[in-house]
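Side-chain atoms are counted along with the backbone in the values below, which use heavy atoms only and exclude waters and symmetry mates. The sequence lines fix the lettering, A, B, ..., with proteins before strands; numbering per chain opens at 1. What you see is a predicted model, and the numbers here were worked out from it, not measured in a lab.
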Amino acid sequence: MKAFRKVTGTGVPLGRSDIDTDAIIPQQWLITTSREGLGKGLFSNWRYRDDAFTPDHGFVLNEPRFARAKILVAGPNYGCGSSREHAVWAHLDFGIEAIIAESFGPIFRDNALRNGLPAITLDGAAVSQVLAQLAALPANRMTVDLERAEVTGPDGTAYRFTMDEERRRALLDGIDDISATLAHAPDIDAFHSADRIRNPYYWVQPPRD
Amino acid sequence: MTPITADATSLFDKLWQARLIKDLGDDRGLIHIDRHLLHDLSSPQAFAGLRQAGRPVRTPALQVAVPDHIVDTMPGRGDATVRGGADMIVALRRNAVENGLRLFDIGDPRQGIVHVVAAEQGIVLPGMTVVCGDSHTCTLGALGCWAFGIGTSEVEHVLATQTLVIRKPSSMRIRVEGRRGAGVTAKDLALGIIRAIGINAAKGGVLEYAGPAVTALSMEERFTLCNMGIEASARSAIIAPDETTFAYVRDHCGSPEWLPVATEAWTMLRSGPQASFDREFHFNCTDLAPQISWGTNPGQTIGIGDAIPPLPEPSAPRERASAERALAYMGLAPGQRLEGLPIAKVFIGSCTNSRISDLAAAARIVRGRHVAPGVRALVVPGSSRVKAEAEHLGLDRIFIDAGFEWRESGCSMCVGMNADRVAAGERCVSTSNRNFEGRQGPGARTHLASPATAAASAIAGHIADCRQVAGR
Ligand code: SF4
């Protein structure tokens, strides 16, 4: 996993609540065996007016002042619904490096953190303030600093955030979860041996096979 | 005073404890995974990651793979499906064969929607941890196991280690009381509960369904109820195993010699009388009517005879904005009734409502009647086994004679990733679980309902109350 320390760049406001992963990356984009190239599909039902990818200028990501946004600020329950990790890959491929919301769909949040994309929760008042500023002010530069656990809004206000310490460290160091777990291989082996005796029926194949 | 013998552990606590390999501190645990289910959509990138890192699948015997999302559902199908889809089916097959995983391929009598298949093939048992790269894995918690959806990175992690590192989730319980009226199904119960507690109620935690109205449900009805748990944001839903569960396991495992011992152990899997939860809900289903959704999330639901509620007050801006947007997308207005609204499509299927009892309930309404002109109606069994059983009972003839399409098993029109889609602006009564914008195809207008409501609506040509169409 790529390490994440800090990003400064354009913030884009997407204040709707309950944006589900079907909206983030509609199903036709999932027909692939690769993780690459999904940025084009990000919010495609909202970004484009037709199948020829004509941009819908009413959609915030198409506004010139939010072009090349790096930080997405969203309404509560962002990424609810389907577990498709393509939703995370699409953000990264598009160029989004951090997402801020009051809350996230649990699977989306896990997926994001495992891909080096910090999904940061701030309280509702802070998110509303940032959303309002992004919509109103000409300034839209923001910073997400994971080392200091701090978001800086467009007007320079700093907001502290919390994240599981273990997840924060993993992001900062770009730790590969699988290697970390494989360090526990002896414990896993011991559990398996004991469980074969304790719960043998969990280890037999279903009879129809 | 609480007697010292009082059991204060919840069902979920027991599952956590039993499958915990190692406490990692800070509320995190290394959890053993008993069953890992794989399908065509979420697994190819995970296997690619393993190959790239040169890692083997640690415990092939605990994995089962089945293609379901992308597959074509036309009779006589092969790998061919929507553009690019065959590659995903081929990738699943190759990954399963190369790594020695069990595979229920297209053409295998065990193929079907992963959550339907895992239960009916006896692959999942009470007390297990079960994961799958699919959010509706919560369905299987109906068997009294801890089942939850994961992303592709976690799929790779499970393949490589047979474990996950998990922060202990919050736990919630809903007690359901009362007696359901005629024509009110488990699907109506699921929708009614989500409407009452809200789509964020469970906050990513584990939701235990309990109470007399839950105990009274058949096993298939319990799957329907738990399936919709994720729509109330429960990553897992669970029901304590009881005689109904044990009878189901017996029927689907073929009475192996270990069953009595296992059953004895499983009777301990229940929340103690003193167990506490982060949040408790209550729901009484006595006055519940058949439900139908009007909006673009499953909580935007009403009783079949009701009018769409007025917009929420401006003091609730989030709900108000969401309702306004949903109504615009659905082409509806506050105060409007859904009953009588013309429809273009009806879909009976999905991991929510595609089991034999669902098809039988729909067939009782359809028998001797005909799908209304202008309506296209599909019945897609949840598995090839369900299909065979339905054909044995003659349900296929009832549907076909009535003008329904009778398909091969798969996710079909639930997700619009295969050839089965709802066109932009078309209205569909669907027995699936998500009415999100674009879920059944870009611009599709989905109304979630039970198989009985879907069948009655197909016959009427508009949204209809199944209680007014007598079953035959
Ligand atoms: S039927 Fe629908 S909800 Fe169920 S697994 Fe398939 S796509 Fe997902």
### Task
State plainly whether the residues B:D26 and A:R168 are in salt-bridge range, i.e. N to O under 4.0 Å.
no

### Summary
Value for OG1 (A:T181) from CG (B:L164), rounded to nearest 0.5 Å, stands at 8.0 Å

### Task
Could you look at B:L30 and say if it's the side chain, the backbone, both or neither that has a heavy atom under 4.5 Å from chain A?
side chain

#### Entry: Smallest separation among heavy atoms of B:G85 and A:I31, with atom names
N-CG2, 3.5 Å

### Query
For B:R439, does its backbone N or O pair with a side-chain atom of A:Q27 as donor and acceptor, under 3.5 Å?
yes

### Task
Decide if atom CD of A:E165 counts as having more than 12 heavy atoms of other residues, nucleotides or ligands within a radius under 6.0 Å.
yes

### Nearest-0.5 Å distance, OG of residue A:S82 to CD1 of residue B:I230
9.5 Å

### Query
Can you say whether B:T59 sits under 4.5 Å from chain A via the side chain, the backbone, both, or neither, judging by heavy atoms?
side chain

## Note on the structure
When the 4.5 angstrom heavy-atom criterion is applied to B:R235 and chain A, the contacting part is side chain

### Message
Salt bridge or not between A:D164 and B:R28? Use side-chain N to carboxylate O under 4.0 Å.
### Response
no

### Message
Contact between A:N199 and B:M128 at the side-chain level, heavy atoms closer than 4.5 Å - yes or no?
### Response
no

## Note on the structure
Here the pair of heavy atoms bringing B:M88 nearest to A:T33 is CG-CG2, 4.0 Å

### Message
Distance alone, cut at 3.5 Å: any donor-acceptor contact between the side chains of A:R114 and B:T152?
### Response
no

### Task
Return the option, out of B:P126, B:S43, B:G443, B:G25, with the maximum number of heavy-atom pairs under 4.5 Å with chain A.
B:P126

### B:A48 portion near chain A, given a 4.5 angstrom heavy-atom threshold
neither

### Task
Start with the C-alpha distance between A:H86 and B:L41, add both sets of side-chain angles, then the distance that settles side chain to side chain contact (heavy atoms under 4.5 Å, CB included), and finish with yes or no.
CA-CA 10 Å; A:H86 311 67; B:L41 172 62; 4.3 Å; yes

### Query
For the residue pair A:D176 and B:R55, what are the closest heavy atoms and their distance?
OD2-NH2, 2.9 Å

### Query
Tell me, side chain or backbone of B:E156 under 4.5 Å from chain A's heavy atoms, or both, or neither?
both

### Query
Nearest heavy-atom pair of B:A160 and A:L182: which atoms, and what distance?
O-CD2, 3.9 Å

### Query
So which of B:K22, B:H136, B:H157 has the biggest tally of heavy-atom pairs under 4.5 Å with chain A?
B:H157

### Query
A:D189 versus chain B, heavy atoms under 4.5 Å apart: side chain, backbone, both or neither?
both

### Message
Under a 4.5 Å cutoff for heavy-atom pairs, which residue among A:N115, A:N77, A:V88, A:N45 has the most contacts with chain B?
### Response
A:N77

#### Entry: A:S103 portion near chain B, given a 4.5 angstrom heavy-atom threshold
neither

### Message
Whether the A:E85 and B:S153 side chains hold a donor-acceptor pair (N or O, under 3.5 Å, no angle test) is what I'd like checked.
### Response
yes

### Query
Non-hydrogen atoms of chain B under 4.5 Å away: do they reach the side chain of A:D177, the backbone, both or neither?
both

### Summary
In terms of heavy-atom pairs under 4.5 Å with chain A, the winner among B:A91, B:G84, B:A262, B:P44 is B:A262

### Message
As an exercise, state the distance from CD1 of A:I107 to CD of B:E154, rounded to the nearest 0.5 Å.
### Response
8.0 Å

## Note on the structure
Okay, B:A265 and chain A: the region with an atom under 4.5 Å from a heavy atom over there is side chain

### Task
Could you tell me whether the side chain of B:R35 and the main chain of A:Y202 form a donor-acceptor pair under 3.5 Å?
yes

### Task
With rounding to the nearest 0.5 Å, note down the distance linking SG in A:C80 to CZ in B:F436.
5.0 Å

## Note on the structure
So CD1 of A:I188 and OG1 of B:T163: to nearest 0.5 Å the spacing works out to 4.5 Å

#### Entry: Side-chain donor-acceptor pair present, A:W46, B:E437, cut-off under 3.5 Å
yes

### Summary
So, the part of A:D187 with a heavy atom under 4.5 Å from chain B: the answer is both

### Task
Check each atom of A:R16 against the heavy atoms of chain B and say whether the ones under 4.5 Å are side chain, backbone, both or neither.
side chain

### Message
Tell me which of these, B:I150, B:I70, B:D40, has more heavy-atom pairs under 4.5 Å with chain A than the rest.
### Response
B:I150

### Query
Nearest 0.5 Å, what's the OG-CG distance between A:S17 and B:N200?
8.5 Å

### Task
Would you name the heavy atoms of B:R318 and A:D18 that are closest together and state the gap between them?
NH2-OD1, 3.0 Å

### Task
Check the pair B:L259 / A:Y201 against side chain to side chain contact (heavy atoms under 4.5 Å, CB included), numbers first and verdict last.
CA-CA 8 Å; B:L259 195 60; A:Y201 38 89; over 6 Å; no

### Summary
Bottom line for A:T32: the part with an atom under 4.5 Å from chain B's heavy atoms is both

### Task
Could you look at B:Q440 and say if it's the side chain, the backbone, both or neither that has a heavy atom under 4.5 Å from chain A?
backbone

### Task
Step through the shown structure and confirm whether more than 12 heavy atoms of other residues, nucleotides or ligands are within 6.0 Å of CZ on A:R148.
no

### Task
Measure B:L20 against the heavy atoms of chain A and call it side chain, backbone, both or neither at under 4.5 Å.
backbone

### Message
Surrounding CG of A:D50 (heavy atoms of other residues, nucleotides or ligands, distance under 6.0 Å), is the total greater than 12?
### Response
yes

### Query
Is the count of non-hydrogen atoms from other residues, nucleotides or ligands lying under 6.0 Å from B:R83 atom CZ greater than 12?
no

### Basic-acidic side-chain contact under 4.0 Å: A:D20, B:R434
no

### Query
If you tally heavy-atom pairs under 4.5 Å against chain A, which of B:K203, B:Q162, B:H32 wins?
B:H32

### Message
Does any backbone or side-chain atom of B:P298 lie under 4.5 Å from a heavy atom of chain A? Answer side chain, backbone, both or neither.
### Response
neither

## Note on the structure
In short, A:D195 meets B:R19 closest at the heavy-atom pair OD2-NH2, 2.7 Å

